[in-house]
Structure formats: structure tokens, C-alpha cells
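The structure under discussion appears below in the form of C-alpha cells.
Please read these numbers as outputs of a predicted model, since none were measured by experiment. Just so you know, these numbers use all the heavy atoms, side chains as well, and skip hydrogens, waters and symmetry mates. Below, read A as the first sequence line, B as the second, and so on, with proteins coming before strands; counting in each chain starts at 1.
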Amino acid sequence: MLIRLQTKEMQKEMNFEKGKKAIDILKSFGSLTATTVAAKFNGELIDLEREIGGDGEISPIDSNSPDGLHILRHSGAHLLAQAVTELYPNAKPVIGPVTEDPPGFYYDIRMEALNEGDITKIEEKMRELAHKNYKIDRRELSKNDLVELFRSNPYKVELIRENVPDGASSSVYVQGDFTDFCRGPHVPSTNYVNAFKLLSTSTAYWRGKEENDSLVRIYGTAFPTMDALKDYLRMTEEAKKRDHRKLGTELDLFVMRPEYGPAFPLYTPKGTILRNELIGFMKELNKKYGWEEIWTPHAFKTTLWQKSGHMAHYQENMFLMEIEKEQYGMKPMNCPGHILLFQRKSWSYRDLPIRFSEFGTVYRYERSGVTSGLLRVRSMTQDDGHAFVRADQIESEVGNLLDMVTEVFINTFRISEVKYKLSTRDEKNKEKYTGSTEIWERATTALKGALDKRNLNYDVKEGEAAFYGPKIDVDVRDALGRYWQLSTIQLDFFMADKDHFDLKYIDENNQPQQPIMIHRAIFGTLDRFLGVIIEHFAGSFPPWLSPVQVRVLNISEGNKAYGEEVHSNLLNRGIRAEGDFSGDTINKKIRTAHGSKIPYLIIVGDKEASEKKISVRDRKDKQKNMIDLNVFIENIEIEIKRKDPELNICK
RNA sequence: GCCACCGUGGCUCAGUCGGUAGAGCAGCUGAUUCGUAAUCAGCAGGUCGGGGGUCCGAAUCCCUCCGGUGGCUCCA
């Protein structure tokens, strides 16, 4: 048979007899290295030990390549399961996939809960098994034989029954005494997986359903080399320093008092400056994009929440209370209040879109295990907005909102890792949704059109739409690599309908029509957004956001008066400035200021005082000596106005 | 809500086999006024998340509740 070798560097052809193993073929081509973990034959990833049956194109898969890493980690998961089954004979491995983000793998296993010591033990066992270097063999078995082989493991049996067609066969992989139902491919033997680490455990539910058996999930990761593993672990350690909860305390931005209100953040004066700057920024955008600001109360009688459907669909997340024998609810969303304002008069088709925005604080009971710092809280302020539009306006309205999203995330904050998600309805389950097929299709097309027109990459999540309409979400990752939803643009065919608020506008034929509602939030919530940008900037905020923009330091007591003069000049010009005129040494003052991540330090000593100049040192230790205070102020004013992410003055 | 881990002064941590708490930073006071990442000395501050139990005696063991962290589930 004729085999062509295809690698990045070269292309070669040779003849082999049928049934030759991939590993031998690659060897003959001189294309096998210590880091070759598998092969690709005619587009299919295969084990190195696989016999080749005919003509085709082959290439080696290196453990440094994406495919190779995937295989390596998958084998890591098997090694983990092997270790667990050796240590705990009653354990029943269920599934062990590779994860991309974070890079690694996990294995779900039905067994007794594990503690940290057990994890160490398992890791040691894995190391031992890796050193023993078991061959990893693929075997092909019929469906019946597979079911028979795994008869003591009901989860595997279920998976086999589901995934292998009747009469067909599938593969198992064997390493030592451990056999797993698996499509493969895998590395040739266990010592290929030598740079690995187990990271954590948790529970997971069988098939992800809370009512099912709970399984122990063990997370781990593996890399081609020890160095790569160490680099990764060092990186994750570094990332932890950016954690907004840690920085929030260090920089004195917010506090939590869980004994009085779990997941109810309180913002300090500094944290409130950040919030207010964000609000100010969004107010500019609202004005620019035609959103009128309104204000609505934080609680209503449940009659409103009944009408809006929240009592029916969201009650378990609401804070309810009884006052004078009447039931009230804290608002979990702002939309019903906005609707009440929409209803205050009648609208012509020419008036639409009507756009209401509000920095609306909402209260939601979130289950105790799900809250997290500022990223998932129970009281949160949304930069909320509701547009009431005609069907023909959906696309342009959504387009405008996407432009707002771009202004915020890309142009201003330069957050590159944004994920756009388009959630559509489950086409197999249409009765779950409200609204006609026609409006769903029209709306979904409009959302796609708006995204496409802007060349935004997005994932379509079929079946993830809310029952009341399709939506676009924007997710951003935090320091620990978790994605959180920030912006959202949701269409709503529900609240305006005749069974709820029965909203109307008068069309060009003088007929009443039901408007479509668009719920939107760009930051999402100030709370979550703040959490994300604390981590994004690692606490080193650009001057426009920074709670303290400048700190004045005097060299010694003799320069205190001049320092105070500089300080008050800054304050008079509206710069957020502090003075550190304590008895500390200048070294100490600089060190302290560094810890507070203040963008600019103004240092004044005898030289500066005598010539009425200042010296400026920025957060990155760039310095400019003996400049004019007014020049400095003019420059920082420009940076603030531009929302410049860079510090330019000392460059 | 589920599983694991954790909960000591404002912050970061130490507290060995159970014998009624230690440190650094921050704070305060005093001395020093010193040119660019921690001047020196002193003082004050906690009963160890809450409750219950075991014990002569518990921060240290047990139970329970409340919180936090990582996942899972959830996020009309």
C-alpha cells in the first residue's frame, strides 16, 4: 500500500505491506520522536499501534499539538481512573473527559467522598502506575461483549447501550488491570503521562441532573513536560493574586458582612468612586444611543409580579414580605416597573423605539452554594434598559446595542476575551416557548443579522433561549478562567402580550399593535462588572477609574507646606488626590503607594519647592523630574477624558 | 441545595500529644525629617464564626447551625 507522510516540514511517499503499524510507518519515515503520542491517518486520529489497512496519508501527532495535548490529557484521565480503581475496588468510573478551559481533565466516579489526603494518595498511585509503564492496548468488542464486560458498572452499561448501535462493535482500552470503554486514541503507554497533577475534587451529578446519583469528580491536568506543567501552575498562582475578592480588601473597595447579609456587598468610598465612574460612563453612552433615564421603586406589591409572570416563574428567587396583610416583593428585575412607565400614555408607531434605562438595584435569592464575591450576589445594580420596538426595528435596535457593547468592552476596557452567545429556541420542543413561530424566526434572523453585520464571532446555543424570546449574551472570563455573563440583549414576546401587560402602540393603519420588548444590560450589573475589571486591571486602574489618581509625597517635613499646596491645587482642579505627609521615609511612602496601585505619585523635596516644580513617578516606576504642576494636570486631564488605559505622562 | 475543604485581633498567618492564645503588617504614641519599594522604640487590639456536648480542663475532640472557598446543580 502507498502511504504519504504529511508534516509541516515535509511530504514523502513510501510503500508498505498491508497491516503495518502506524508507529512503524512513522519510524520508517524517520518521523517518530519521543513526543509523538498518536498518528493521524486519512484525517482520523489513531493509536500508534493501530495497523494500517490501505493507502492513505499519515502524519505524526505530537504532544505539543492541540490534538496531542488532548490525547495526553485523555490518557491522564484514564490513569486517574486506573489509580482510583486500584485503591478503591468498589469505585465505578463513569466518564472522564478532557477540558479545554481550564486545560486538563476530570473523571467522574461513583464512590465514597474523598478528602484531600485521598487525593495525594491517588496522585502517588498514578505516579507509580505511570512508572510501571503499562502498555495501553485498544481492543474491539461487540456491543454484547461490552455490556457483559462492564456488567458491574451500570453507568458504563448505560453509556454503551446508548452509544453503540445494536450489532455494532466499539473499543475498549486496557492498561494493566484497568479497562475502559473508550473511543481513544491514547498514548502508547502510561509513562507518556508523567507531568500531571490532581487539582481538586467535587461532586457532579450523573448526567448533570440534581435528582440523579452524585458522583465524585476529580480534576487534574497534564502537560507534555514538567516545565510546561510548572509554568501552568505558576500562572494559576499568579492569577489568584488578581482575584477581585483579595484586591477588593487590599485596595479597600468593598466589604462583605455575611453574618448580616450573605452575598450583599457594601461599597467603600473608594469602591463607590469606581461605581460612579462606571455609571457616568454608561450615562454618556445612554445619551449617545438615545436611552432615556428613569427611576422605579425597589419593591412592589405582588400584584405586579403576578401580572409580569415573576410570581409564576421566578418566585423561588424573590425576597417577599408581608406589610399590612398585603404581600410585597423586592424587585428581582426592573422590567415591570419600566412597563408601568410605558403604559402611562399611548404611543404612535412613530414614537418607537421607546428606550428606558435605569441603574436599577434588584434583589434575588441565589442558592447558598452559588454566590461568589462580586460575581454572583444577591443584591445587584443593573445598567438595565428596556426598549419597546416594532418588529421591523429589532435588527437595528439590537445592532445599536451591540455597538454599545463594543464601545465598552473593546474600545474602552480592551477586554479581549469576550464570547458572544446567541441563544435560540429548541426546535424540537417548541411548545415550551411563548410567541408565534413567525416572530421567533423573524427575531432570530434579526439577531443573527445584527451580529453578522458587525463581523462578531458568536456561538449559537440552540435551546438556551428563555421561554419568552431569543437573546444575545456576552461572557467574559475572570482571573480563575471562569466565564461570567455580562451584557445581555434579550427579546421578549411575553410581557407585552394580552395575557400580561397587553402593551400597545398605534400603527400606520390606526390599528393597535403589540410592541416587542428588548431587555438589555451592557455592563450587566455594576457589581459583576466591577469584579471583572478589578481582575482585568489587576487593581491597577487607569486614571479615569482610579479612586485615587495622584498622591503627593513630601521628602521631609520641611517640604510639607509645599506638598500641601500642590495637593490642594490638584483638588481644586478636580483631580482625585491624596497627600502622604507622614513621618515615613520617602522609601516607605513609595512602597505604600505602590501597594495601593496609585497611578501617579508627585514627589516634592527642597529642589521642587525652591523652583515651584514637581517630580512625577508613575505606577510603573517611570519618572519625570522638575516639571510644571500645570503641565501635569493638563496631561492627566487628557488621560482621564480619553479614558486612556496607559500612563503616558512619564514616558 | 449537593460534596470536599476552611472560619484565630482590620489584613496575612503560627498555635505541637486538649491545660484558659502568639507573630508580622496596619493602627496609636514617641524619637528620627531621612531624596525615590519597609527608620527605630513602645502601646493598644482577639477568648479563637454561633450554640450545644465530652472532659478536672477545648481554639485544639464530637454534634449542630451560620458563613467562606472550589466544583456540581441552578441562573423565569
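Going from the C1' atom of B/C13 to that of B/A26 covers 14 Å, rounded to whole Å. Rounded to a whole angstrom, the distance from the P atom of B/G24 to that of B/G42 is 10 Å. For the C1' atom pair drawn from B/U12 and B/A38, the interatomic distance equals 16 Å after rounding to whole Å. For the C1' atom pair drawn from B/A21 and B/G46, the interatomic distance equals 8 Å after rounding to whole Å. Atom P of B/A59 sits at a distance of 13 Å from the matching atom of B/G18, rounded to the whole Å. Comparing B/U20 with B/U16, their P atoms sit 13 Å apart, to the nearest whole Å. Taking atom C1' on both B/U54 and B/A58, the two are 10 Å apart, rounded to the nearest angstrom. Distance noted for atom C1' between B/A76 and B/U8: 43 Å (whole Å).
Position along RNA chain B of the nearest nucleotide to A/N587 versus A/R217 favours A/N587 as the more 5'-ward residue. Each of A/A466 and A/K246 was matched to the nucleotide of RNA chain B holding its nearest heavy atom; the match closer to the 5' end belongs to A/K246.
Note on A/M333: a base of the nucleic acid sits closer than 4.0 angstrom, heavy atoms only. Among the atoms of the strands shown, none is found under 4.0 Å from any heavy atom of A/S214. Within the nucleic acid shown, A/K607 comes within 4.0 Å of at least one base atom, counting heavy atoms only. Among the protein residues, A/E210 comes within range of the nucleic acid bases, having at least one heavy atom under 4.0 Å from a base atom. Across all strands, A/N625 comes closer than 4.0 Å to base atoms (heavy-atom distances). Contacts of A/G373 with the nucleic acid, taken as non-hydrogen atoms under 4.0 Å apart, involve only primed sugar atoms and P, OP1 or OP2. Across all strands shown, A/E366 has no heavy atoms under 4.0 Å from either base or sugar-phosphate atoms. A/A204 comes within contact range of the sugar-phosphate backbone alone, with a heavy-atom separation under 4.0 Å but no base atom that close. When heavy atoms are screened at a 4.0 angstrom cut-off, A/G309 is found touching no nucleic acid atom at all. At a threshold of 4.0 angstrom between heavy atoms, the contacts of A/N317 with the nucleic acid are absent. Using a 4.0 Å heavy-atom criterion, one finds that A/E608 contacts the bases of the nucleic acid, with or without backbone contacts as well. In this structure, A/R367 reaches the bases: a heavy-atom distance under 4.0 Å links it to at least one base atom across the strands shown. When heavy atoms are screened at a 4.0 angstrom cut-off, A/T592 is found touching no nucleic acid atom at all. At the heavy-atom level, A/R245 lies under 4.0 Å from the strands shown only through sugar-phosphate atoms.
Nucleotides of RNA chain B that come within less than 4.0 Å of any heavy atom of chain A span, from the 5' end to the 3' end, B/G1 to B/A76.
The ring of A/Y420 has its center no closer than 6.0 angstrom to the ring center of A/Y458. For A/F467 and A/Y433, the gap between ring centers reaches or exceeds 6.0 Å. In this structure, A/Y600 has its ring center closer than 6.0 angstrom to the ring center of A/F632. Aromatic ring centres of A/W305 and A/Y314 lie farther apart than the 6.0 Å criterion allows. A/F494 and A/H500 have their aromatic ring centers within a separation under 6.0 angstrom.
Atom NZ of A/K432 is surrounded by more than 12 heavy atoms from other residues, nucleotides or ligands within 6.0 Å. Counted within 6.0 Å of NZ on A/K560, heavy atoms from surrounding residues, nucleotides or ligands total 12 or fewer; the atom is thus considered open. The 12-atom threshold is not exceeded at NZ of A/K197, counting heavy atoms of other residues, nucleotides or ligands nearer than 6.0 Å.
Taking each heavy atom of A/M318 and A/M330 in turn, the nearest pair found is CE-O, 4.0 Å.
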Which atom pairs, donor and acceptor, lie under 3.5 Å between side-chain atoms of residues 422-430 of chain A and protein residues at least two apart or in another chain?
from: A/R425; atom 1: NH2; to: A/T437; atom 2: OG1; distance (Å): 3.4
from: A/D426; atom 1: OD1; to: A/K428; atom 2: N; distance (Å): 3.0

Bracket string, RNA chain B, 5' to 3' - pairs by Watson-Crick or G-U geometry under 3.5 Å, | interstrand: (((((((..((((........)))).(((((.......))))).....(((((.......))))))))))))....

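Side chains of A/D606 and A/N559: a donor-acceptor N/O pair is present below 3.5 angstrom, by distance only.
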